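None of these values were measured; they are calculated from a predicted model.
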Amino acid sequence: MDTGCLSSMNITGAAQVRSFVGQLHTQRCFTSSSVQPLKSSSPKSAGLASLGSRNRGKKSRRGLAALQVVSQDLPRPPLENTINYLEAGQLSSSFRSSERPSKPLQIVIAGAGLAGLSTAKYLADAGHKPILLEARDVLGGKLAAWKDEDGDWYETGLHIFFGAYPNVQNLFGELGINDRLQWKEHSMIFAMPNKPGEYSRFDFPEVLPAPLNGIWAILKNNEMLTWPEKVKFAIGLLPAMLGGQAYVEAQDGLTVSEWMEKQGVPDRVNDEVFIAMSKALNFINPDELSMQCILIALNRFLQEKHGSKMAFLDGNPPERLCMPIVNHIQSLGGEVRLNSRIKKIELNPDGTVKHFALSDGTQITGDAYVCAAPVDIFKLLVPEQWREISYFKRLDKLVGVPVINVHIWFDRKLKNTYDHLLFSRSPLLSVYADMSVACKEYYDPDRSMLELVFAPAEEWIGRSDAEIIEATMQELAKLFPDEIAADQSKAKIRKYHVVKTPRSVYKTIPDCEPCRPLQRSPIEGFYLAGDYTKQKYLASMEGAVLSGKLCAQSIVQDSKLLSRRSQESLKTKSEVPVAS
């Protein structure tokens with residue numbers, strides 16, 4: 001069992017620590033460090049109480065109005081007519097139009113990440129009563145964020161919302177918060193390691209439909225791949241284009257590197273494109289990542305005109321995305337409880353769930369139960385009686401991948417950056433963004449804040465934050481040669497936060513696909529939700545939301561059975577004779 005810690009320290013190393021015991025394998029460690037000693041070691045968690053207000057109209061510490069619109073964001077692309085968007089919308093509407101239950105089912109859901117929130121939202125839409133339990137004091141799971149004593153937010157990860165996320169895009173529309181997505185220009189921008197400080201762009205022209213816009217973007221870029229390399233790459237991809245979904249699924253047994261060798265794709269395509277793409281998709285390198293993951297992403301990006309178009313959320317995820325979902329759930333009679341950690345899944349004699357036992361000694365009962373916690377946590381909760389059932393035994397293959405998210409506040413505005421996501425193509429870093437430009441809430445006209453994904457992180461997750469920052473600065477010196485030096489002789493660090501996630505999304509290595517479980521388990525009345533469960537978007541925010549919808553759909557389909565089970569259980573209890 002991992003024990004995480006939250007500490008605030010100054011450069012001299014003085015620290016105060018608040019320990020979080022029992023966070024299991026997804027425990028995150030957060031470290032704040034700045035030149036000036038901090039007043040407190042406890043950041044303000046975005047719990048239900050603090051999430052309710054936005055402090056609109058109040059002046060921030062920089063003297064700027066909260067959420068002042070500053071970046072040149074683009075209009076929301078027309079996504080509503082795409083097949084995937086329409087299918088996602090139809091699934092959403094099926095909950096609202098389903099037959100109203102005579103007595104709402106009470107469904108207990110463990111985990112208030114996107115999967116749990118999605119499950120609860122759509123069950124509430126169908127007329128049932130979800131009780132959503134979150135172990136920590138912050139919403140969002142892998143979207144969690146915290147506010148430090150300066151009023152600055154730091155997040156679990158750098159989250160990007162793609163046009164090819166139909167269920168996520170529908171969710172924003174259903175909540176009436178489409179305006180909270182800051183859409184950027186339709187480009188993919190890569191740093192050039194052999195030309196420090198320079199970038200190469202793939203620009204998708206608005207006038208062309210898919211997949212021609214993507215093909216044009218690739219053909220017009222002559223800085224990363226030569227024409228012979230592009231031709232060989234295209235020939236290698238032909239089977240995927242002709243074979244469709246059946247071919248894509250068949251590649252789960254190969255790593256990206258193995259597939260490239262088999263298809264005769266030049267090594268430079270791996271070096272120039274696939275390393276960056278693999279780390280962005282799953283935080284691992286091409287020699288580990290299943291080729292199926294790459295092909296699914298390419299299919300989504302190339303088959304939809306705006307599929308690869310990116311948007312940033314306009315502020316911290318717990319407030320700007322998770323709280324509207326909570327408000328919706330509560331408005332329909334559901335409940336959301338923080339600081340409610342599942343200690344044990346207690347069973348009835350027939351092997352079905354009796355109740356969820358919480359770490360504070362309370363017991364939560366319902367008509368059905370859902371575990372929407374990460375797969376590593378759920379594996380620790382699986383009752384002994386279930387462990388030899390193949391549905392649960394196959395989960396052993398699914399293991400979360402470690403990742404580190406780094407936030408660095410500088411003493412000046414960096415010039416060599418964009419209002420966009422940037423692919424670093426660094427051996428240590430995946431993607432990064434200057435959030436003081438890309439995000440309204442984090443806007444600062446005078447000083448930059450870089451948020452960076454440090455991956456692969458397996459060899460670094462146990463290292464000190466000082467080592468991680470030192471290594472990050474060495475990489476940034478290559479990306480910003482005129483503005484950043486590793487020794488801080490140029491831009492100086494004002495403060496930083498390092499967020500470590502020892503077990504994040506499941507590691508999409510070969511032969512994982514058969515191990516991903518359906519949302520309806522073989523245990524009557526017990527269900528799973530999470531991006532690791534069976535759905536077509538793999539480990540992503542879209543996958544988490546879709547898994548929640550599929551889980552809710554399974555429960556709605558089973559509602560009459562579940563209601564009958566509950567009635568029989570009550571009848572049985574009432575018939576038990578009382579000893580005299």
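- Looking at every heavy atom in both residues, Gly548 comes nearest to Ala529 through CA-CB, 4.4 Å.
- Panel note: side chain Arg503, backbone Val399; no donor-acceptor pair is recorded below 3.5 Å.
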Glu134 and Arg337: CA distance, side-chain angles, deciding distance, salt bridge (charged side-chain N to carboxylate O under 4.0 Å, His left out) verdict = CA-CA 6 Å; Glu134 169 54 44; Arg337 307 177 189 176; over 6 Å; no
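- Residues Arg76 and Glu80 are paired through a salt bridge, judged by an N-O separation under 4.0 Å between the basic side chain and the carboxylate.
- Taking a 6.0 Å sphere around NZ of Lys534, one finds it holds more than 12 heavy atoms contributed by other residues, nucleotides or ligands.
- The distance between the ring centers of Phe312 and Phe161 does not fall below 6.0 angstrom.
- Rounded to the nearest 0.5 angstrom, Ile342 CD1 and Cys371 SG are separated by 7.5 Å.
- The local environment of CD in Glu458 is sparse, with at most 12 non-hydrogen atoms from other residues, nucleotides or ligands closer than 6.0 Å.
- Here the closest non-hydrogen pair linking Cys322 and Gly140 is SG-CA, 3.6 Å.
- Rounded to the nearest 0.5 Å, atoms CZ (Arg300) and CG (Leu298) are 11.5 Å apart.
- Partner of Trp386 under the ring-ring contact (aromatic ring centres under 6.0 Å, His included) criterion, out of Tyr391, Phe526, Phe378: Phe526 alone.
- Pairing each heavy atom of Val431 with each of Ala280, the nearest pair is CG1-CB, 4.1 Å.
- Taken from CD in Gln535 to CG in Asn167, the straight-line distance is 9.0 Å, to the nearest 0.5 Å.
- The minimum heavy-atom distance linking Ala120 with Ile329 is given by the pair CB-CD1, 3.5 Å.
- Between Asp314 and Gln182, the side chains place no donor N or O within less than 3.5 Å of an acceptor N or O (distance only, hydrogens not considered).
- Using a 30° and 60° split on the angle between ring planes, Phe162 and Phe301 fall in the tilted class, from 30° to 60°.
- Annotation: Lys343, atom NZ; neighbour count of heavy atoms from other residues, nucleotides and ligands within 6.0 Å does not exceed 12.
- Counting heavy atoms from C-beta on, the side chains of Pro130 and Leu332 never come closer than 4.5 Å.
- No side-chain heavy atom of Gln363 sits less than 4.5 Å from a side-chain heavy atom of Phe356.
- Enclosure of atom NZ in Lys344 is not indicated, since only 12 or fewer non-hydrogen atoms of other residues, nucleotides or ligands lie within 6.0 angstrom.
- Lys500 places a side-chain N or O within 3.5 Å of a backbone atom of Arg463 that can act as its donor or acceptor partner.
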query = Going through the distances and angles, do Tyr527 and Asp558 end up as a side chain to side chain donor-acceptor pair (under 3.5 Å)?
reply = CA-CA 11 Å; Tyr527 304 82; Asp558 297 346; 2.7 Å; yes
Steps toward side-chain contact (heavy atoms from CB on, under 4.5 Å) verdict (Cys551, Thr119) = CA-CA 6 Å; Cys551 180; Thr119 304; 3.9 Å; yes
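- In this structure, Lys147 and Asn316 have side chains that are not in contact, with every pair of non-hydrogen atoms separated by 4.5 Å or more.
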message = Under the criterion side chain to side chain donor-acceptor pair (under 3.5 Å), I'd like the reasoning laid out for Asn282 against Thr508: C-alpha separation, chi angles, the key distance, then a yes or no.
response = CA-CA 7 Å; Asn282 200 237; Thr508 314; 3.2 Å; yes
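- Between Ala164 and Glu304 the shortest heavy-atom distance is CA-OE1, 3.7 Å.
- The minimum heavy-atom distance between Pro514 and Arg394, with the atom names listed, is O-NE, 3.4 Å.
- Taken to the nearest 0.5 Å, the CD1 atom of Ile177 stands 11.5 Å off from the NE2 atom of His328.
- In this structure, the side chain of Arg96 does not engage the main chain of Asp125 through any donor-acceptor pair within 3.5 Å.
- Considering only heavy atoms from C-beta on, Asp367 stays 4.5 Å or farther from Lys129 through its side chain.
- For Ser547 (side chain) and Gly530 (main-chain N/O), a donor-acceptor pair under 3.5 Å exists by modelled atom type.
- Side-chain contact between Gln292 and Glu513 is present, with at least one heavy-atom pair separated by less than 4.5 Å.
- The local environment of CG in Asn81 is sparse, with at most 12 non-hydrogen atoms from other residues, nucleotides or ligands closer than 6.0 Å.
- From Leu132, atom CG reaches atom CG of Leu123 across 10.5 Å, with rounding to the nearest 0.5 Å.
- A side-chain donor-acceptor contact under 3.5 Å links Ser278 to the backbone of Phe274.
- Rounding to the nearest 0.5 Å gives a distance of 15.0 Å between CG of Leu528 and OH of Tyr369.
- Under the 3.5 Å distance criterion, the side-chain polar atoms of Ser504 are left unmatched by any main-chain donor or acceptor of Thr501.
- The pair Glu384-Arg387 meets the salt-bridge criterion, with a side-chain N (NZ, NE, NH1 or NH2) lying under 4.0 Å from an Asp/Glu carboxylate O.
- Although no hydrogens or angles enter the test, the distance criterion places a donor-acceptor pair under 3.5 Å between the side chain of Glu542 and the main chain of Val168.
- The backbone N or O of Glu155 sits less than 3.5 Å from a side-chain atom of Asn405, completing a donor-acceptor pair.
- At least one donor-acceptor pair closer than 3.5 Å links the side chain of Arg516 to the backbone N or O of Tyr532.
- You'll find the side chain of Val505 reaches within 4.5 Å of the side chain of Asp531, heavy atoms only.
- A heavy-atom distance below 4.5 Å is not found between the side chains of Trp460 and Pro402.
- Under the 3.5 Å distance criterion, with hydrogens and angles disregarded, a donor-acceptor pair is assigned to the side chains of Asp360 and Thr362.
- Checked for salt-bridge contact, Lys121 and Glu174 meet the test: a charged N lies under 4.0 Å from a carboxylate O.
- A distance-only check finds a donor-acceptor pair linking the side chain of His128 to the backbone of Leu105 [under 3.5 Å].
- Using a 4.5 Å cut-off on side-chain heavy atoms (C-beta onward), Arg180 and Leu321 make no contact.
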ask   = Would Asn170 and Ser92 count as a side chain to side chain donor-acceptor pair (under 3.5 Å) if you check the C-alpha gap in whole Å, the side-chain angles of each, and the deciding distance to 0.1 Å?
value = CA-CA 8 Å; Asn170 268 275; Ser92 293; 4.9 Å; no
